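Below is one structure; the comments refer to it alone.
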Amino acid sequence: MKITVITVGKIKEKYLRDAVAEYGKRLSRYCRLEIVEVADEKTVEHASEALEEQIRGKEAERILKHIKEDAYIITLEIRGKQLSSEEMAAKIEHLGVQGEGHLIFVIGGSIGLGKEVLGRSDLALSFSKMTFPHQLMRVILLEQLYRSFRIIQGEPYHK
C-alpha cells in the first residue's frame, strides 16, 4: 500500500522533523510513504472571510496538483468522523481489501482546507474536536498510521 501525506507548509522545528523521520522509518516496513509539502500562503491576523477563502483556494490549487485520480482521499477536518485507533486500523485494512492501493491524507494550513479539496475528499477524518498546529498534526497522523499497521499485523503496540 502507498500512503501519501499532502500537507500545507514546512516543519520548522527540528524535534518535529525528527519525529516525522522516525515514524517514516517505522512505517517503511508496512507501506510506501511519501510526504508532499505545498507552500502555504501568508495569513494576516483578523483576515476577512473572503481573504481567508482566497488563501484556502490558492493552497487548494497546490494540493490538487498532487492528488491522483485513482487514490482514496482522506482529509483531516475538525468536523470529520472520529475513529478509535482500532477503527482506523480496520478502515485502512478494509480499504486495502477493497483494492484501494493508494491512500492520500491531506492536512490543511492554519486556516483549514479549501472547498475544492473538501469536495474531492472520500473521508473527512477528525482526530479531535480540539485544534492542533498543522505541523504537529503530521506527527500525530504518522504515529496513528504506524499504530494502525501494528494493529493490522497483530503486533503489540496499541495499548
Side-chain angles (χ1 to χ4, degrees), residues 3-27 30-31 33-64 66-67 71-95 103-152 156-159:
I3 294 186
T4 301
V5 177
I6 302 174
T7 182
V8 175
K10 295 191 179 300
I11 294 182
K12 297 169 185 70
E13 298 84 359
K14 182 182 182 319
Y15 70 95
L16 291 174
R17 286 194 312 267
D18 289 347
V20 167
E22 177 62 27
Y23 281 111
K25 185 173 78 175
R26 291 182 186 192
L27 280 163
Y30 305 103
C31 66
L33 176 68
E34 175 187 28
I35 296 176
V36 176
E37 295 176 333
V38 300
D40 55 348
E41 288 290 313
K42 297 289 181 211
T43 307
V44 296
E45 289 272 339
H46 310 294
S48 68
E49 181 56 38
L51 179 58
E52 285 188 353
E53 189 60 39
Q54 184 180 14
I55 290 168
R56 284 190 291 267
K58 287 180 183 177
E59 292 174 347
E61 286 178 29
R62 295 178 189 137
I63 290 168
L64 290 171
H66 298 281
I67 289 185
Y72 188 90
I73 311 304
I74 301 170
T75 49
L76 274 55
E77 305 177 39
I78 202 162
R79 291 177 190 84
K81 182 174 183 168
Q82 292 187 8
L83 302 174
S84 69
S85 294
E86 291 81 7
E87 289 169 333
M88 183 161 164
K91 180 69 174 176
I92 290 170
E93 185 174 33
H94 180 73
L95 288 169
L103 306 183
I104 297 179
F105 290 83
V106 183
I107 303 171
S110 60
I111 59 170
L113 291 166
K115 62 180 179 248
E116 303 86 352
V117 174
L118 298 176
R120 180 62 180 84
S121 179
D122 295 303
L123 172 65
L125 182 64
S126 173
F127 279 66
S128 173
K129 291 181 182 178
M130 295 181 204
T131 302
F132 296 105
H134 56 282
Q135 298 93 339
L136 180 58
M137 197 61 233
R138 192 182 317 184
V139 176
I140 295 169
L141 171 62
L142 293 176
E143 189 279 334
Q144 283 299 307
L145 288 170
Y146 176 65
R147 184 179 299 263
S148 291
F149 282 109
R150 297 285 293 195
I151 292 169
I152 291 166
Y157 185 73
H158 64 282
K159 304 256 184 252

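Here the structure is a predicted model, which is why all the values come from computation and not from measurement.
- Checked against side chain to side chain donor-acceptor pair (under 3.5 Å), Ser121 has the following partners two or more places apart in sequence or in another chain: Thr75.
- In this structure, Thr43 and Ser110 approach most closely via the heavy-atom pair OG1-OG, 4.2 Å.
- Taking the charged nitrogens against the carboxylate oxygens, Lys58 and Glu61 have no contact shorter than 4.0 Å, which rules out a salt bridge.
- Applying the side chain to side chain donor-acceptor pair (under 3.5 Å) criterion to Asp122, with sequence neighbours excluded, gives no partner residue.
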Report, one line per pair, each donor and acceptor closer than 3.5 Å where one atom sits in a side chain of residues 49-57; sequence neighbours left out.
from	atom 1	to	atom 2	distance (Å)
Glu49	OE2	Arg56	NH2	2.6
Glu53	OE1	Arg56	NH2	3.1
Arg56	NH1	Ile111	O	3.1

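- Here Glu37 pairs with Arg138 in a salt bridge; the nearest charged N to carboxylate O distance falls below 4.0 Å.
- The CZ atom of Arg150 sits 11.0 Å away from the CG atom of Leu27 when rounded to the nearest 0.5 Å.
- The side chain to side chain donor-acceptor pair (under 3.5 Å) check on His94 picks up Gln98, with sequence neighbours excluded.
- Annotation for His134 and Gly108: closest pair CB-O, 3.3 Å, computed over non-hydrogen atoms.
- Partners of Arg62 by side chain to side chain donor-acceptor pair (under 3.5 Å), not counting sequence neighbours, listed by chain and number: Glu41.
- For the pairing with Ile104, the side chain to side chain contact (heavy atoms under 4.5 Å, CB included) check across Ile63, Thr4, Ile74 returns one residue only, Thr4.
- Annotation: ring pair (Phe, Tyr, Trp, His ring centres under 6.0 Å) contacts of Tyr30 (sequence neighbours excluded): Phe149.
- The pair Glu87-Lys91 does not meet the salt-bridge criterion, since no charged nitrogen lies less than 4.0 angstrom from a carboxylate oxygen.
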